[in-house]
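Please read the structure below before turning to the comments.
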2 protein chains.
Amino acid sequence: MTNTIKDVAKKANVSIATVSRILNDQGGYSEKTKFKVLKVIEELGYQPNAVARGLINKRTHTIGVLFPKLSSSLVTDLLDGIEKAANDNGSSVIVCHTESNGEKTMKYLQLLIEKRVDGIIFASEILKEEYYQFVAKTKMPIILLSTESYAYPVPFVKVNDFHAAYAAAKYLIGKGHTKIGMISGKKDDIIAGIPRIEGFKKALSDHGISLGSENVVFSRGFAFPDGIEGLKKLIGQFPDVTAIFAASDEMAIGALSAAYQLGIKVPDEISVMGYDNLNLAEMSIPPLTTVGQPLAKMGEAAAEMLFTIMETGEIPESRIMPHRIIERMSVKERKK
Amino acid sequence: MTNTIKDVAKKANVSIATVSRILNDQGGYSEKTKFKVLKVIEELGYQPNAVARGLINKRTHTIGVLFPKLSSSLVTDLLDGIEKAANDNGSSVIVCHTESNGEKTMKYLQLLIEKRVDGIIFASEILKEEYYQFVAKTKMPIILLSTESYAYPVPFVKVNDFHAAYAAAKYLIGKGHTKIGMISGKKDDIIAGIPRIEGFKKALSDHGISLGSENVVFSRGFAFPDGIEGLKKLIGQFPDVTAIFAASDEMAIGALSAAYQLGIKVPDEISVMGYDNLNLAEMSIPPLTTVGQPLAKMGEAAAEMLFTIMETGEIPESRIMPHRIIERMSVKERKK
DNA sequence: TTGAAAGCGCTAACAC
DNA sequence: GTGTTAGCGCTTTCAA
């Protein structure tokens, strides 16, 4: 069995209180005792039991993160930031993979609550009423990451999707394009779907570019195959298109692939722009021009907001993180 | 404050022992009491405290995973499998990002031990003596994932890199290539470096293909830029090369990019083969032929081995997972 | 079928 | 400076 504070106390001929004090640097002991105790700790290879500490301190130094899926670099980059901030604050992170499944999500939420994590980060997904009520009841701190709630007062950190999409379309217009299409994600996704579509449309109409139903193609999701299909469909309904804005990098890369298959040269014949700035984006042929979200920073911010809540008890303000156009090689200036 | 078992007991007019029994389905109570207690639990929204349970049961239902980096789909796929298996076994997973840094690794190891996780998965990195001794002392179960130790008796799950590289080279030979180059990873990496290089060389020599120092190019790591540089260097020192085996998919994709920049057509002029079968591999242009590791399955296996240890106390056998050639479009048959 | 009480490993209030 | 002791929220004997 592993040694406990009792074993240390006994072997050092002091009380457990003294050992505890030394462990927590609280003062109230002589240098001599400290030295003696530390020596015994060393000899015994004693490791304080964080579970017992958590029970009494009501602080587990653990936060929980819920993701709809794990295998995507979008998630990984967010996680990277979360983990970094957590580590800097002496906390660990438990990852939960919900598969966008309501039952699984509830199960995980319950698990995290039972484990008494210090807070929860809920990422990249709609916060359903059921979820919200469940955690609100426990008063556990929660932050939304890369998503937001219109119905509940939960602080979030994300990019402004409308503005970012607007900026992307504007960039394309600035490059001389007027026949611009969009491969959008899910039409009814109120976080990553609608705002990007609306931002795109607004940019076109603000710049006097006419726009019909042929300009936008809808998909089932935001993945690679959706981009392949998207491009084919778009070319079919809008043959004049010279530039395409895809609602995710994976879709943009799918579009690149489809274009290649069809013998369409990017960016010479068609320009393609993505959204996310995943690692992928610099590895594609040609490297993808895209609108970047500072994913790692967003993850960090979310975790830090959680720590703020724990320390101050105050609910922090939501944070809109800046997006940025990342210019690479997939968009070409179009001569008039 | 959240309710405790005491509150439930009081409100239901029973002892906490009875509530505990009902919570744990242990029997020894009437249906009537059970019903009454369950009702109170419902009313109070009571959530058992897993921390207190962990303290007494000496089981936290949490495992820790150490990764050198988080932002790579290799890791994500492994994590995906680990999370799945953990969840199926009612456990959570804590992720730790070591950055291949010895100090950080030790700190994380200590953290996990203090948190009394049920076991540790150590992934994709050399198990240093210091690490091993530290966890061995605590008798905490540990599994190596996508790495192995020649010095210590720690069970592992991984692919046989030598065999896999051999298979890749043989595949290229089978396609009629005789001028075959390799963009290897780190020359002194005894897990992912040397075995792949040796497997590659062995395949060539077994098939009567002469082989000099110009056939292999070494890199600093296994990343995208290493692949770009690698291809350029290889072409420089081995201009006749018609097929290239890269020691990772990211490097292979780097090679694809470099070839594109140099105006070299893949697979028409040069065939390229990768290693890992990441998601990336099917998104490249052309889609990448590669040797696949069953990453998610490997993660699952590692987690399951951990649970086996906890249940039986026996150290399970290491598992060599099967590799597989994934044929896509980046390799072309060469006519004699 | 149920309850009282000890104790998991630790912290903190109080006493000396 | 140091020790004693009462819990944190739970499980588990032992008795009744």
Side-chain angles (χ1 to χ4, degrees), chain A residues 1-38 40-41 44-62 90 110-111 113-118 138 140, chain B residues 1-38 40-41 44-62 110-118 138 140:
Chain A
M1 224 40 239
T2 29
N3 291 306
T4 74
I5 198 171
K6 259 190 195 159
D7 302 313
V8 176
K10 194 180 299 169
K11 185 152 181 205
N13 275 314
V14 296
S15 73
I16 59 168
T18 298
V19 178
S20 175
R21 285 185 193 107
I22 292 171
L23 245 24
N24 296 293
D25 264 330
Q26 287 177 316
Y29 44 78
S30 68
E31 274 303 306
K32 205 174 132 206
T33 343
K34 177 175 173 183
F35 184 80
K36 185 173 57 179
V37 169
L38 254 23
V40 171
I41 286 179
L44 256 33
Y46 167 74
Q47 305 280 2
N49 183 327
V51 180
R53 282 180 160 173
L55 182 57
I56 189 158
N57 292 330
K58 278 132 177 41
R59 196 76 152 66
T60 52
H61 294 280
T62 306
Q110 167 144 20
L111 190 83
I113 289 169
E114 290 191 358
K115 289 215 163 139
R116 300 298 193 262
V117 295
D118 297 331
T138 69
M140 176 166 297
Chain B
M1 224 41 240
T2 29
N3 291 306
T4 73
I5 198 172
K6 259 189 195 162
D7 303 312
V8 176
K10 196 181 299 172
K11 187 156 181 201
N13 274 314
V14 295
S15 72
I16 58 168
T18 300
V19 178
S20 175
R21 287 186 191 107
I22 292 171
L23 246 24
N24 295 292
D25 265 331
Q26 288 177 315
Y29 44 79
S30 67
E31 274 304 305
K32 204 174 133 208
T33 343
K34 176 175 176 182
F35 184 80
K36 186 174 56 179
V37 169
L38 255 22
V40 172
I41 286 178
L44 257 31
Y46 167 74
Q47 306 279 4
N49 183 327
V51 179
R53 282 180 159 174
L55 182 57
I56 190 159
N57 293 329
K58 277 133 177 40
R59 196 75 151 70
T60 52
H61 294 280
T62 306
Q110 169 145 19
L111 190 83
L112 293 174
I113 289 169
E114 289 190 0
K115 290 216 163 138
R116 301 297 194 261
V117 296
D118 296 333
T138 69
M140 177 166 297

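Note that the structure is a prediction, hence the values are computed from the model and not measured.
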For the pair made of [atom1] in [X] and [atom2] in [N], what is the distance, rounded to whole Å?
X: A:Ile22; N: C:dC10; atom1: CD1; atom2: P; result: 14 Å
X: A:Asn49; N: D:dC10; atom1: CG; atom2: C1'; result: 14 Å
X: A:Ile56; N: D:dC8; atom1: CD1; atom2: C1'; result: 5 Å
X: A:Gln26; N: D:dG3; atom1: CD; atom2: P; result: 15 Å
X: B:Arg53; N: C:dC10; atom1: CZ; atom2: C1'; result: 20 Å
X: A:Ile5; N: D:dC8; atom1: CD1; atom2: P; result: 18 Å
X: A:Ile16; N: D:dG3; atom1: CD1; atom2: P; result: 11 Å
X: B:Asp25; N: C:dT1; atom1: CG; atom2: P; result: 15 Å

Exercise. Applying the side chain to side chain donor-acceptor pair (under 3.5 Å) test to B:Asp118, which of B:Lys58, B:Arg59, B:His61 qualifies?
Worked result: B:Arg59
Any side-chain N or O of [X] less than 4.0 Å from the OP1 or OP2 oxygen of [N]?
X: A:Thr18; N: D:dG3; result: yes
X: A:Lys32; N: D:dG1; result: no
X: A:Asn57; N: C:dC10; result: no
X: B:Thr33; N: C:dT2; result: yes
X: B:Ser20; N: D:dT11; result: yes
X: A:Lys58; N: D:dG9; result: yes

Validation row: [X], [Y] side chains within 4.5 angstrom (heavy atoms):
X: B:Ile16; Y: B:Thr4; answer: no
X: B:Met140; Y: B:Val117; answer: yes
X: B:Arg53; Y: B:Leu23; answer: yes
X: A:Gln47; Y: A:Thr2; answer: no

Exercise. Has the side chain of A:Arg116 got a donor or acceptor atom sitting under 3.5 Å from an opposite partner on the base of D:dG9?
Worked result: no
Exercise. B:Asn24 side chain: which of D:dG1, D:dG9, D:dT11 is closest?
Worked result: D:dT11
Seminar exercise, completed: Checking C:dT2, D:dC10, D:dG3 against the side chain of B:Tyr46 (C-beta onward), the nearest is D:dC10
Exercise. Nearest nucleotide by nearest heavy atom, which residue falls closer to the 5' end of DNA chain C, B:Ser30 or B:Ala52?
Worked result: B:Ser30
For this session: Starting from the 5' end of DNA chain C, give me the residue, A:Gln47 or B:Gly28, whose nearest nucleotide shows up first.
Result: B:Gly28
Exercise. Near DNA chain C, which residues from residues 7-15 of chain B have a heavy atom under 4.0 Å away?
Worked result: B:Asn13, B:Val14, B:Ser15
For this session: Starting at OG1 of B:Thr18, measure out to CD1 of B:Ile5 and round the result to the nearest 0.5 Å.
Result: 9.5 Å
Exercise. Should the heavy atoms of other residues, nucleotides or ligands under 6.0 Å from CD of A:Gln26 be counted, would the total exceed 12?
Worked result: yes
For this session: Apply the test side chain to side chain contact (heavy atoms under 4.5 Å, CB included) to residues B:Lys36 and B:Val14: give CA-CA distance (whole Å), side-chain angles for both, the deciding distance (0.1 Å), then the verdict.
Result: CA-CA 10 Å; B:Lys36 186 174 56 179; B:Val14 295; 4.1 Å; yes
